[in-house]
Amino acid sequence: MKLHHQKHHQTYITNYNKALEQLDEAMTKGDSSTVVHLQSAIKFNGGGHVNHSIFWKNLTPINEGGGEPPKGSLGWAIDTHFGSMEVLVKKINAEGAAVQGSGWVWLGLDKELKKLVVETTANQDPLVTKGASLVPLLGIDVWEHAYYLQYKNVRPDYLKNIWKVINWKYASDVFDKESP
């Protein structure tokens, strides 16, 4: 994960900042063509930064509580909306494994519908691109760069093992803060 954090995530930050500088220049010059052209770079690299920032908070070593199932209101909500933690994990793993190419699998809170949802997004699209009322509680990077050094191209093995280091305390804190 060091390579993932120090190289991949840093590249998104660098490219996002570069695109923002170019956007500022283009807007100052009134160059609407360049402004429009830069939108995809801003979405991709900005999304990469936002998604990875959540991803790092979603991980914690086993000796610091990684993998300990959520308790309290989030644990109850998982049981209510999915039946059990095991059902939720199977759903997230299946949907994450099915992402074509690169992307993310998310556990989110739909604040409007007041329920937990599992969603996937392509590339570096943040969860909010699936709906303005969606708040990410847990995001798992299913780009090959997230797991290729340890798991080669076997995404299902990565998804099976990532639960050992999931920081449910962070997800629970966000859920408690964002729940009505």
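Note that the numbering runs from 1 along the sequence shown for the chain.
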| request: For Thr34 and Lys29, run side-chain contact (heavy atoms from CB on, under 4.5 Å): C-alpha distance rounded to whole Å, both residues' side-chain angles, the deciding distance at 0.1 Å, then the answer. | output: CA-CA 10 Å; Thr34 299; Lys29 292 178 184 176; over 6 Å; no

| said: Run the side-chain contact (heavy atoms from CB on, under 4.5 Å) test on Ile62 and Val165 for me, step by step, so that the C-alpha distance in whole Å, both residues' side-chain angles and the decisive distance to 0.1 Å come before the verdict. | reply: CA-CA 6 Å; Ile62 293 169; Val165 293; 4.3 Å; yes

| message | Please identify which of these residues, Ile92, Thr120, Ile54, meets the side chain to side chain contact (heavy atoms under 4.5 Å, CB included) condition with Ile140. | response | Ile92

| field | Ile78 to Pro70 - nearest heavy-atom pair and separation | value | CD1-CG, 3.6 Å

| So how far is it from Leu159 CG to Asn93 CG, rounded to the nearest 0.5 Å? | 5.0 Å

| request: Measure the spacing between CD of Glu178 and CG of Asp110 and express it to the nearest 0.5 Å. | output: 12.0 Å

| message | Other residues, nucleotides and ligands only: do more than 12 of their heavy atoms fall within 6.0 Å of NZ on Lys130? | response | yes

| field | Which atom of Trp106 lies closest to which atom of Gly139, heavy atoms considered | value | CE3-CA, 3.3 Å

| query | Tell me, do Val99 and Arg155 make a side-chain contact under 4.5 Å, heavy atoms counted? | reply | yes

| field | Donor-acceptor contact below 3.5 Å, side chain Asn58 vs main chain Leu137 | value | yes

| Would you say the side chain of Leu116 lies within less than 4.5 Å of the side chain of Thr80, judging by non-hydrogen atoms? | no

| Do Ile42 and Val128 sit in the same hydrophobic cluster, where Ile, Leu, Val, Met, Phe, Trp and Tyr count as joined when their side-chain heavy atoms come under 4.5 Å apart? | no

| message | Counting only heavy atoms from other residues, nucleotides and ligands, does the tally under 6.0 Å from NZ of Lys164 exceed 12? | response | no

| Is the backbone N or O of Thr60 less than 3.5 Å from a side-chain atom of Asn167, with the two atoms forming a donor-acceptor pair by type? | no

| said: Would you call the rings of His52 and Trp56 parallel, tilted or perpendicular, taking 30° and 60° as the class edges? | reply: tilted

| message | With a 4.5 Å cut-off on side-chain heavy atoms, are Thr129 and Pro126 touching? | response | yes

| field | Separation between OG1 of Thr14 and NE2 of His49, rounded to the nearest 0.5 Å | value | 11.0 Å

| Exercise: identify the closest heavy-atom pair between Met85 and Asp79 | N-OD1, 3.9 Å

| message | If I take atom OG1 from residue Thr28 and atom CG from residue Leu23, how far apart are they, to the nearest 0.5 angstrom? | response | 9.0 Å

| task | Hey, could you give me the CG/CG distance between Leu38 and Asp31, rounded to the nearest 0.5 Å? | result | 8.5 Å

| said: Closer than 3.5 angstrom, by distance alone: can the side chain of Asn123 be matched with the main-chain N or O of Asp125 as a donor-acceptor pair? | reply: no

| Contacts of type side chain to side chain donor-acceptor pair (under 3.5 Å), residue Lys91, not counting sequence neighbours | Glu95

| message | Test of understanding: with side chain to side chain donor-acceptor pair (under 3.5 Å), list the residues that count as partners of Trp168, not counting sequence neighbours. | response | none

| request: For atom CD of Glu112, decide whether the heavy atoms of other residues, nucleotides or ligands shown that lie under 6.0 angstrom number more than 12. | output: no

| message | Looking at every non-hydrogen atom in both residues, tell me the closest pair between Phe55 and Ile162 and how far apart they are. | response | CE1-CD1, 3.9 Å

| task | Report whether Leu113 and Val135 are members of the same hydrophobic cluster (ILVMFWY, side-chain heavy atoms less than 4.5 Å apart, transitive linking). | result | no

| query | Looking at CG of Leu109 and OG of Ser179, how far apart are the two atoms once the value is rounded to the nearest 0.5 Å? | reply | 5.0 Å

| field | Salt-bridge criterion met for Lys169 and Asp173 (N-O under 4.0 Å) | value | yes

| field | Minimum heavy-atom distance His81-Lys114, with the two atoms named | value | CE1-O, 3.8 Å

| message | Run Trp104 and Gln124 through side-chain contact (heavy atoms from CB on, under 4.5 Å) and show every step you take. | response | CA-CA 7 Å; Trp104 292 78; Gln124 292 298 351; 2.9 Å; yes

| Test log, rule side-chain contact (heavy atoms from CB on, under 4.5 Å), inputs Asp141 and Tyr158 | CA-CA 10 Å; Asp141 187 345; Tyr158 159 72; 4.2 Å; yes

| task | Taking salt bridge (Lys or Arg N to Asp or Glu O under 4.0 Å) as the test, write out the residues that go with Glu21, two or more places apart. | result | none

